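This report refers to the structure that appears directly beneath it.
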Amino acid sequence: MGGRWWVVRVVAPPFLILAAVAWYLHGHWDQIPLRFPVHWSAGGVPNRWTNRSWRGVFGPLIAGGIMMIPMLAMCVALRYGARPGRGRSAATACLLAATYAICLSFSIIPLLPLVAIPVPLVPLAAAGALVAVVVWSVIRMKGPGAKPADPAPGDLFVPKGQGMGYTLNFRNPWSWVIIALFVLSIPAMILVLP
């Protein structure tokens, strides 16, 4: 498949997961308790509560979507703005793993009043999957043939001078758009979280 379908396959699924959870919550609105926990201590004890309102129920889904936008933008930018190589695909895999960990965490939180899921398993499962992908990516980036091609001046991402991975090429104006997405996502999330 062409490049456009790669973008659809990468960008669409996390947002479809959030939309499916929102649809489920909307359909079961009357079953959501008037007050329910949204944050827990390391021991699994609730320590922050919210009310059944659009912000309390859908806020985590919206915040998760806001967090995913700059990360998925970086995935797409890496795909089209860096030279091909094993390092590029490994860096993209790390970003996608982090995106899916965010998506699953922020999807499960609003479902907890309706579905019995052991609370400590949610962050542990997301973190475990993320660590596994990062370890795989580091091994892949250090393997033979992992050195990327020399970058062109207009590339959006360039290999780091020291270490491994990629960094933004600040000569490319699109790098400032990516930074703006990250910076703007923080106050946007604060506005929607309960």
Side-chain angles (χ1 to χ4, degrees), residues 1 4-79 92-137 177-178 180-194:
M1 284 196 200
R4 186 174 2 151
W5 290 111
W6 182 89
V7 172
V8 171
R9 287 192 324 258
V10 166
V11 172
F15 290 105
L16 290 174
I17 291 168
L18 294 177
V21 171
W23 178 76
Y24 179 82
L25 292 169
H26 177 71
H28 294 83
W29 184 262
D30 293 336
Q31 296 170 17
I32 299 171
L34 293 177
R35 188 165 160 77
F36 58 92
V38 291
H39 194 270
W40 295 262
S41 69
V45 178
N47 58 13
R48 190 182 317 151
W49 298 72
T50 191
N51 298 322
R52 181 177 64 189
S53 64
W54 76 267
R55 194 173 184 185
V57 174
F58 299 112
L61 297 172
I62 298 167
I66 291 169
M67 281 181 76
M68 292 184 327
I69 289 171
M71 297 185 77
L72 289 170
M74 282 187 61
C75 286
V76 172
L78 260 171
R79 169 81 177 196
T92 304
C94 285
L95 282 168
L96 284 175
T99 301
Y100 276 90
I102 289 167
C103 174
L104 294 176
S105 296
F106 280 79
S107 295
I108 290 172
I109 290 168
L111 287 173
L112 290 174
L114 298 174
V115 181
I117 302 170
V119 174
L121 291 182
V122 175
L124 289 176
L130 180 58
V131 167
V133 171
V134 169
V135 168
W136 170 84
S137 298
V177 173
I178 290 175
L181 284 173
F182 273 103
V183 170
L184 292 174
S185 68
I186 295 166
M189 283 183 354
I190 292 169
L191 289 174
V192 299
L193 281 174

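Bear in mind the structure is a predicted one, so any value in this text is a computation, not a measurement. Positions are given from 1 along the sequence.
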Criterion side chain to side chain contact (heavy atoms under 4.5 Å, CB included) on Phe36 and Leu114, from CA distance to verdict: CA-CA 10 Å; Phe36 58 92; Leu114 298 174; over 6 Å; no
Distance in Å, [X] [atom1] paired with [Y] [atom2], rounded so as to fall on 0.5 Å steps:
X	Y	atom1	atom2	value
Thr99	Leu104	OG1	CG	11.0 Å
Thr50	Ile109	OG1	CD1	12.0 Å
Leu16	Cys103	CG	SG	9.5 Å
Thr92	Arg79	OG1	CZ	8.0 Å
Ile186	Met67	CD1	CE	9.0 Å
Ile178	Leu78	CD1	CG	8.0 Å

Matching residue for Leu111 among Val57, Leu61, Val21 - test: side chain to side chain contact (heavy atoms under 4.5 Å, CB included):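 Per the side chain to side chain contact (heavy atoms under 4.5 Å, CB included) rule, the option paired with Leu111 is Val21, out of Val57, Leu61, Val21.
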If every non-hydrogen atom of [X] is compared with every non-hydrogen atom of [Y], which pair is closest and at what distance?
X	Y	result
Met71	Leu95	CE-O, 4.1 Å
Ala63	Phe106	CB-CE2, 4.0 Å
Ser107	Leu18	OG-CD2, 3.2 Å
Met68	Ile102	CG-CG2, 4.1 Å
Pro110	Pro113	O-CD, 3.2 Å
Tyr100	Val10	OH-O, 4.3 Å

Trp29, CH2 atom: more than 12 neighbouring heavy atoms under 6.0 Å: yes
pair Phe58-Leu25: side-chain heavy atoms closer than 4.5 Å: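 Phe58 vs Leu25: side chains touch.
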Donor-acceptor contact present, side-chain Ser185 to main-chain Phe182, <3.5 Å: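 Checking the backbone N and O of Phe182 against the side chain of Ser185, a donor-acceptor pair under 3.5 Å is found.
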